[in-house]
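Every value quoted in this text rests on a predicted model; they were computed, and no experiment measured them. Because only heavy atoms are used, hydrogens play no part in the values below, and waters and symmetry mates are left out as well, while side chains stay in.
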Amino acid sequence: MLVTFYHYPKCGTCRKAKKWLEENGVELNEVHIVESPPSKEELESFYKKSGLELKKFFNTSGQKYRELGLKDKLADMSDEEKLELLASDGMLIKRPITTDGNLVTVGFKEEQYEQTWK
């Protein structure tokens, strides 16, 4: 199985997810999420396929998220505005995002990876 793995190499969670995928024989197409963030259209597709709320795509523990005061602003933003904001800066996106084109996971939880990528 080949998946596209959007990650930030310095991120500990991303490293754990990558290790899990490699140990379980999943072939990776690695994309540096800050240098090549997913487009607004790609993010919209991930959002729709994931079944998650759009706010789950935000890196709420990130410095950029706090700097922009997004905790208080997201509730008043349209999905369109949220997608544009996410596409504008890879550091705002929760990572890793893993997708095979049909399935999408955001972040890394081993149980979720077991169910989705094994």
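Interatomic distance, Phe46 CZ to Leu83 CG, rounded to the nearest 0.5 Å: 11.5 Å. Note that OG of Ser88 is 8.0 Å distant from CG of Leu68, once rounded to the nearest 0.5 Å. Atoms NZ and CG, on Lys94 and Leu52 in that order, are 10.0 Å from each other to the nearest 0.5 Å. Here Leu85 contributes atom CG and Leu74 contributes atom CG; the two are 7.5 Å apart, rounded to the nearest 0.5 Å. Rounding to the nearest 0.5 Å places NZ of Lys55 at 13.5 Å from CG of Leu70. To the nearest 0.5 Å, atoms CG (Leu21) and NZ (Lys118) are separated by 11.5 Å.
Contact record, Pro96 with Thr13: CD-CG2, 4.2 Å, taken as the closest heavy-atom pair. Across all non-hydrogen atoms, the minimal contact from Ile97 to Leu43 is CD1-CD2, 4.4 Å. Glu42 approaches Tyr6 most closely through the heavy-atom pair OE2-OH, 3.5 Å. For the pair Lys10 and Arg15, the tightest heavy-atom approach, listed with the atom from each and the gap, is O-NH1, 3.0 Å. In plain terms, the two heavy atoms of Met77 and Lys82 that are nearest each other are O-CE, 3.5 Å. In terms of heavy-atom proximity, Ala87 sits nearest to Pro37 at O-CG, 4.2 Å.
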Quiz prompt | Worked verdict on Thr105 versus Trp117 for side chain to side chain donor-acceptor pair (under 3.5 Å) | solution = CA-CA 9 Å; Thr105 55; Trp117 305 120; 3.1 Å; yes

Self-check item: Lys18/Phe108 under side-chain contact (heavy atoms from CB on, under 4.5 Å): CA gap, chis, key distance, verdict
Solution: CA-CA 9 Å; Lys18 180 180 175 184; Phe108 174 65; over 6 Å; no

Practice problem: May I have the step-by-step check of side-chain contact (heavy atoms from CB on, under 4.5 Å) for Leu54 and Leu86, ending in yes or no? | Solution: CA-CA 10 Å; Leu54 193 49; Leu86 284 167; 4.2 Å; yes

Quiz prompt | Candidate pair Leu28 and Val3, rule side-chain contact (heavy atoms from CB on, under 4.5 Å), full reasoning | solution = CA-CA 5 Å; Leu28 303 178; Val3 300; 3.5 Å; yes

Exercise. Evaluate the side-chain contact (heavy atoms from CB on, under 4.5 Å) criterion for residues Asn29 and Thr4: first the C-alpha distance (whole Å), next the side-chain angles of each, then the deciding distance (0.1 Å), finally the verdict.
Key: CA-CA 5 Å; Asn29 171 29; Thr4 301; 3.6 Å; yes

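Judged purely by atom type and a 3.5 angstrom limit, Asp100 uses its side chain to pair as donor or acceptor with the backbone of Asn102. Of the possible donor and acceptor atoms, none in the side chain of Ser45 sits under 3.5 Å from a partner among the backbone N and O of Glu41. The closest donor-acceptor contact from the side chain of Arg95 to the backbone of Cys14 lies at 3.5 Å or more, if one exists at all. Ser36 places no side-chain N or O within donor-acceptor distance of the main-chain N or O of Ile33, the cut-off being under 3.5 Å.
Using cut-offs of 30° and 60° for the angle between ring planes, the Tyr113 and Trp20 rings count as perpendicular. Ring-plane geometry between His32 and Tyr8 is classed as perpendicular, the angle between the planes exceeding 60 degrees on a 0 to 90 degree scale with a lower cut at 30.
For Glu22, there are no salt bridge (charged side-chain N to carboxylate O under 4.0 Å, His left out) partners, not counting sequence neighbours. Considering only residues two or more places apart in sequence or on other chains, Lys19 meets the salt bridge (charged side-chain N to carboxylate O under 4.0 Å, His left out) condition with Glu23. For Glu81, the salt bridge (charged side-chain N to carboxylate O under 4.0 Å, His left out) test picks out no residue, with sequence neighbours left out. The salt bridge (charged side-chain N to carboxylate O under 4.0 Å, His left out) search around Lys49 returns none, not counting sequence neighbours.
Under the 4.5 Å side-chain heavy-atom criterion for grouping Ile, Leu, Val, Met, Phe, Trp and Tyr, Val31 is not connected to Val26 through any hydrophobic cluster.
Within the structure, no pair that satisfies the ring-ring contact (aromatic ring centres under 6.0 Å, His included) test touches residues 55-75, not counting sequence neighbours. Within the structure, the salt bridge (Lys or Arg N to Asp or Glu O under 4.0 Å) test picks out the following pairs touching residues 61-76 (sequence neighbours left out): Lys64-Asp89.
A salt bridge is absent between Glu110 and Lys16; no separation between the charged side-chain nitrogens and carboxylate oxygens falls under 4.0 Å.
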